[in-house]
Amino acid sequence: ETGVTQSPTHLIKTRGQQVTLRCSSQSGHNTVSWYQQALGQGPQFIFQYYREEENGRGNFPPRFSGLQFPNYSSELNVNALELDDSALYLCASSLDPGGGYTFGSGTRLTVV
Amino acid sequence: EDQVTQSPEALRLQEGESSSLNCSYTVSGLRGLFWYRQDPGKGPEFLFTLYSAGEEKEKERLKATLTKKESFLHITAPKPEDSATYLCVVQAGGGSEKLVFGKGTKLTVNP
């Protein structure tokens with residue numbers, strides 16, 4: 001059991017650029033969700049994937065998109081980066097959509 | 001709209017001074033309520049899952065309880081290493097399955 005791993009740990013991008021964040025789910029977990037956590041705030045739900053299909057989405061614009069692969073790893077893509085996108089991005093995986101979630105350590109994105 | 005409110009926002013305790021953190025929630029069809037601990041710059045660490053009113057879970061100095069509208073995280077005789085932000089999270093049902101987080105309670109335990 002390796003837990004949830006995210007890469008990279010830190011990233012600096014320029015406004016208008018695109019970014020891809022990656023997440024390796026805990027072994028056997030078929031559900032993955034992504035969260036944005038601004039400084040001093042609780043995480044905000046972006047979207048969730050279950051067996052490669054999106055099955056829930058929060059209040060984020062379409063420039064936030066994702067993928068889940070057959071091995072249940074996942075990507076979060078953000079296009080046309082804005083300064084307010086600077087945050088800690090967390091990935092969490094679960095055995096099923098109703099179960100407890102294991103979180104990764106996050107990717108700290110800074111947009112300048 | 002699903003909502004989670006935690007209080008207080010911040011809490012300072014002396015080592016050994018017991019207290020409770022509150023989480024009140026409104027959600028359509030509760031599937032589960034979770035408590036997580038988060039250290040600065042790190043991902044949340046799972047503590048407890050509660051599914052139904054009246055349920056209680058314990059782990060070392062922590063005890064979580066659940067009613068139909070609230071959950072409490074009781075901390076008995078805390079130690080400095082218990083200092084962290086404690087997050088309350090509810091999972092809505094009805095097909096959305098999304099997790100809704102509170103803003104957290106930042107706990108500081110002084111030696």
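Keep in mind that the numbers below use all heavy atoms, side chains included, and drop hydrogens, waters and symmetry copies. By convention in this document, chain letters (A, B, ...) are assigned in the order of the sequence lines, proteins followed by strands, and residues within each chain are numbered from 1.
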- With a 4.5 angstrom heavy-atom cut-off, could you sort out which part of Y35(A) is near chain B: side chain, backbone, both or neither? side chain
- Query: Can you tell me if CG on L83(A) sees more than 12 non-hydrogen neighbours from other groups inside 6.0 Å?
  - Reply: yes
- Task: Mark yes when over 12 heavy atoms from residues, nucleotides or ligands other than R12(B) sit less than 6.0 Å from its CZ; otherwise mark no.
- Result: no
- Under 6.0 Å from the CZ atom of R15(A), do we count more than 12 heavy atoms belonging to anything else shown? no
- Message: Is there a continuous path of hydrophobic side-chain contacts, each under 4.5 Å between heavy atoms, that joins L33(B) to F46(B)?
- Response: no
- Between chain B and each of C91(A), S105(A), G58(A), S33(A), count heavy-atom pairs under 4.5 Å; write down the option with the most. S105(A)
- Task: Return the option, out of P44(B), G43(B), G104(B), G102(B), with the maximum number of heavy-atom pairs under 4.5 Å with chain A.
- Result: P44(B)
- Task: Begin with the C-alpha distance, continue with both residues' side-chain angles, and end with the deciding distance and a verdict on side-chain contact (heavy atoms from CB on, under 4.5 Å) for Y101(A) and Q91(B).
- Result: CA-CA 11 Å; Y101(A) 285 78; Q91(B) 185 170 35; 3.5 Å; yes
- Starting at CG of L88(A), measure out to CD of Q38(B) and round the result to the nearest 0.5 Å. 7.0 Å
- Proximal component of Y36(B), with respect to chain A [non-hydrogen, under 4.5 Å]: side chain
- Query: Using non-hydrogen atoms only, which part of Q37(A) is less than 4.5 Å away from chain B: side chain, backbone, both, or neither?
  - Reply: side chain
- Task: Determine whether P43(A) and L87(B) make a side-chain contact, defined as any pair of heavy atoms from C-beta on separated by less than 4.5 Å.
- Result: yes
- With a cut-off of 6.0 Å (strictly less than), are more than 12 heavy atoms of other residues, nucleotides or ligands near CD of E81(B)? yes
- Task: Group every Ile, Leu, Val, Met, Phe, Trp and Tyr by side-chain heavy-atom contacts under 4.5 Å, then state whether L73(B) and L50(B) land in the same group.
- Result: yes
- Got a sec: does the NZ of K103(B) have more than 12 other heavy atoms crowding it under 6.0 Å? no
- Any side-chain heavy atom of E45(B) sitting closer than 4.5 Å to one from T102(A)? no
- Between K42(B) and chain A, which part of the residue has a heavy atom less than 4.5 Å away: side chain, backbone, both or neither? backbone
